[in-house]
Amino acid sequence: MMDFDNTEIAFSGKSNADLTRSYWLFKIIGWNWLIKIGPVLLKIFMPLWFPIPIIKATIFKQFCGGESIAECEQKIAELSTLNVKTILDYSVEGKEEETVFDENLQEALAAIKKANGNPNIPFSVFKPTGFGRFDLLEKVNAKEALSKNEQAEFERVTNRINTICSAGQKANLPIFIDAEETWIQNTIDDIALEMMRKYNKEKAIVYNTAQMYRWDRIAYLKDLKAIAEKENFFIGMKLVRGAYIEKERNRAKKMGYEDPMQKTKENTDKGYNDALKFCIENIEKVAFCCASHNEKSNLILIKLMQQHNISTTDNRIYFAQLLGMSDHISNNMGEAGYNVAKYVPYGPVKDVTPYLIRRAEENTSVAGQTGRELALIKIEQQRRKSNN
Ligand SMILES: Cc1cc2nc3c(=O)[nH]c(=O)nc-3n(C[C@H](O)[C@H](O)[C@H](O)COP(=O)(O)OP(=O)(O)OC[C@H]3O[C@@H](n4cnc5c(N)ncnc54)[C@H](O)[C@@H]3O)c2cc1C
């Protein structure tokens, strides 16, 4: 059975200084009050003084690969020595100009070019709001009528996404489409379905993402399977729990509609593990990625693979975690020969700050996550001390 507690393997890429930095970083991230006021202070002071060197040496170093694809080289090589692959994730968020969407497309194509034929980069990924305005995606989602200009604008969004999926197919490189807020997710699901119809005829190239904190997602998976069977294409699916729970609950409450979130964490966990089971039982039709830091879910999938006699290196099943989090899962799985990858976010420090704030907030709000990272670092520091 997999042993996630082997801290020697978990931190084998980290020097003592790296461990100390990570320890203090997670400790500070655990300070709720700081993570609450930090983003507000950053917003106020950003136009006057933005502490790029401090951020780059601390939180950016923990959670990002570099400011450009070239700067990520070292991280890609480092991970590959542990048999962990890289998924380059251009994490610039919150910019809504057409010129930026076009630049993002060029960046996505550059990442595909970098991955083409590179065994250390098995997927590419994009966030749909990197290619179109949030409000436009929301309007389409709500089935509101679009003006002529908006129709043209939306066509540009789908064209950008199509360009990426087409490039993925040409490079034989699967593409993950990240999931976002429920009030734009139908738009994303519809585009993803079109892309699967077009590019998944022989194998899964396009992967959509199912957020299992939503109580309707098992039904979504079943419906998608019925369509795929009828129309004869493969499904690609990244399974996550979901990153926007507080925002989702607040909006549902404020606007008075039914909360789309599972009522409890236990329900989300059950939904997630049921989805793993659903995918493996339909493995002839579904290629999927267990994108999670939850030890139990990773172990459940390992067990399911054993029960179904599926090889650890079967390319239809991948495991993935985010850079800077849960190395004990990624590295121990890499060591045991599973297909495992890290999302390696990159981009200019200032532009990836919203991503970094989300990581900090997640590590504060997710019970146990920070505590677990800290406990493992302490065990490893102790182990190294007693070995000297
Ligand atoms: C490789 C990778 C790709 C990702 N891509 C996306 C993406 O495209 N879209 C996206 O939204 N997220 C994405 N995420 C983030 C992910 O959704 C989670 O926020 C994060 O991974 C934490 O969940 P976990 O499975 O690691 O496990 P855990 O730490 O066990 O679970 C925490 C999660 O459980 C859920 N939860 C917590 N409390 C409750 C509650 N009271 N009731 C119901 N549910 C609760 C929330 O979703 C919370 O994030 C990605 C994560 C990874 C590792």
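Order of appearance sets the numbers: ligands from 1, and atoms from 1 within every ligand.
Taking both residues in full, the closest heavy atoms of Ile87 and Phe176 are given as CD1-CE1, 3.6 Å, listed atom of the first, atom of the second, then distance.
Using a 3.5 Å distance cut-off with no hydrogens or angles, the side chains of Asn141 and Thr187 do pair a donor with an acceptor. Side-chain contact annotation: Tyr346 with Glu107, donor-acceptor N/O pair under 3.5 Å present. For the residue pair Ser330/Gln321, the side-chain donor-acceptor check at 3.5 Å is satisfied. If you check the side chains of Tyr220 and Asn208, you find a donor sitting under 3.5 Å from an acceptor. No hydrogens or angles considered: a donor-acceptor pair under 3.5 Å links the side chains of Gln62 and Ser22. In this model, a donor atom of one side chain and an acceptor atom of the other lie less than 3.5 Å apart for Arg241 and Ser297.
Distances from ligand 1 to the non-hydrogen atoms of Glu181 include no value under 4.0 Å. For Lys238, the closest heavy-atom approach to ligand 1 falls below 4.0 Å. In this structure, Gln321 has a heavy atom closer than 4.0 Å to ligand 1.
Residue Ser292 has at least one N or O atom closer than 3.5 Å to an N or O atom of ligand 1. Geometrically, ligand 1 and Asp269 share no nitrogen or oxygen pair separated by less than 3.5 Å. Below 3.5 Å of separation, one finds no N or O of Ala320 facing any N or O of ligand 1.
When each atom of ligand 1 is checked for a heavy atom of Tyr244 under 4.0 Å away, the hits are 11 (O). Counting the atoms of ligand 1 from 1 in the order shown, those under 4.0 Å from a heavy atom of Gln262 are 42 (N), 43 (C). For ligand 1 and Ala291, the ligand atoms under 4.0 Å from any heavy atom of the residue are 1 (C), 2 (C), 3 (C), 52 (C), 53 (C).
By heavy-atom distance, the residue among Val240, Asp178, Leu239 lying nearest atom 14 (N) of ligand 1 is Val240. One option in Gly271, Ala243, Ser330 has a heavy atom closer to atom 12 (N) of ligand 1 than any other, and that option is Ala243. One option in Met261, Glu266, Arg249 has a heavy atom closer to atom 42 (N) of ligand 1 than any other, and that option is Arg249. Atom 38 (N) of ligand 1 has its nearest heavy-atom neighbour, among Lys265, His293, Glu180, in Lys265.
Using a 4.0 Å cut-off between charged side-chain N and carboxylate O, Lys277 and Glu281 make a salt bridge.
Contacts with ligand 1 closer than 4.0 Å are made by side-chain heavy atoms of Ile245 only, the backbone lying farther away. Under 4.0 Å from ligand 1, not a single heavy atom of Asn267 appears.
Between Phe131 and the options Phe101, Phe126, Phe154, a ring-ring contact (aromatic ring centres under 6.0 Å, His included) holds for only Phe126.
Under a cut-off of 6.0 angstrom, the local environment of CD in Gln151 is crowded, with over 12 non-hydrogen atoms contributed by other residues, nucleotides or ligands.
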